[in-house]
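Below: one structure, written as structure tokens.
Counting starts at 1 for both ligands and their atoms, in listed order. The model shown is predicted, which means the values in this text are computed figures rather than measured ones. When reading the values below, keep in mind they use all heavy atoms of this one structure, side chains included, and skip hydrogens, waters and symmetry mates.
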Amino acid sequence: MSTHQLHADHARLFEHNRFVYPVLSRRSGGISLGVNLNPDKICNFDCIYCQVDRRSQSETRFVETEALIKELRTTLEIVTSGAIYDTPKFQDVPPHLRRLNDIAFSGDGEPTTYKNFDELIEKCAAVKRDMESRLEVPQPPIKLVLITNASMFHRPHVQRGLKILDENNGEIWAKLDAGTDEYYHLIERTPIPFRQILDNITSAARNRPLVIQSIFMRVNGEPPSVAELEAFCDRLNEITSVGGQLKLVQIYTIARRPAESYVAPLSDAQVDDIVALVKQRTKLSAIAYYGSAAY
Ligand code: SF4
């Protein structure tokens, strides 16, 4: 098989993937492999800003472990061999972004609700270790990133999964979008109590540094009030005051079509103001990610 054929086959292979998706992440400065643990598109939150299109049903309802691991192995090979940059979708990636940054567990719902979460993380970590050991040119270790709403951290199998992440260059990005109970329920629309989320983030952050991911928006034209944002900073301070380690607070706004039409992005200046407030009131590192005027 010629190199060209091999590359063409690779392209077909990952285009038909059902669980593992390569994306260019300018933010992280490289390619991120998304692993979708919720192909059924079911989530225990119902965020008003969610970008998952739940109008169409997915054909894949369950995680098929063997198929997922095979996709991960193949897609890792396509990326690390450079074959991905011969495919139409990735051929224009500039040279400095042609590196694999991470494998990110996220998907079309909350990844930690997957019942075999710990086993799956271990299997993916083993694939990553194997790949790293076979790389001819030494590269920085690939990160394993968990993007989560923190609602399941109290479950033992999730705690085991988090520990496996810790041992494999893992990073946990925990969502916290509110400072008060009322605003939390307005945004996340879940029966899970706000206290549970705060307790879960606090206990996870006592065991390893977490990244906090927070999205703020206009709801029916109204940005979050100053009181809400100050309460948000207070919650962060409560976490750190009992030994929780927060290495970064990422402040986002809406960048893609949200679930509800009454949700709209903040301006860049409003996002900057929130970052400044967080830095000033918490002394934590905070960074802004801007929205898109299209929505
Ligand atoms: S937690 Fe994530 S996937 Fe679930 S509804 Fe919210 S934004 Fe969507």
Exercise for review: Find all atoms of ligand 1 within a distance of less than 4.0 Å from any non-hydrogen atom belonging to N149, and give their numbers and elements.
Suggested key: 1 (S)
**Study point:** Contact atoms of ligand 1, heavy-atom distance to C43 under 4.0 Å
**Key:** 1 (S), 3 (S), 4 (Fe), 5 (S)
Study note, to complete from the structure: min-distance protein heavy atom vs atom 6 (Fe) of ligand 1 -> C47 SG, 2.3 Å
Review point. Is there a heavy atom of E188 sitting under 4.0 angstrom from any atom of ligand 1?
Key: no
Point to revise | Heavy atoms of other groups near R98 CZ, more than 12 under 6.0 Å | key: yes
**Study point:** Shortest protein contact, atom 8 (Fe) of ligand 1 (heavy atom only)
**Key:** C50 SG, 2.3 Å
Review point. Any ion pair linking K128 and E132 (charged N to carboxylate O, less than 4.0 Å)?
Key: yes
**Study point:** Protein residue, atom and distance nearest to atom 2 (Fe) of ligand 1, heavy-atom basis
**Key:** K175 NZ, 4.0 Å
**Study point:** Evaluation steps, side-chain hydrogen bond (donor to acceptor under 3.5 Å, both in side chains), between N36 and S106
**Key:** CA-CA 6 Å; N36 184 2; S106 53; over 6 Å; no
Review point. Any chance the rings of Y289 and Y252 have centres within less than 6.0 Å?
Key: yes
Review point. Heavy-atom contacts under 4.0 Å between E110 and ligand 1: side chain, backbone, both, or neither?
Key: neither
**Study point:** Basic-acidic side-chain contact under 4.0 Å: E167, R129
**Key:** no
Practice item. Using a strict cut-off of less than 4.0 Å between a Lys/Arg side-chain nitrogen and an Asp/Glu carboxylate oxygen, indicate whether E171 and R208 qualify as a salt bridge. Key: no
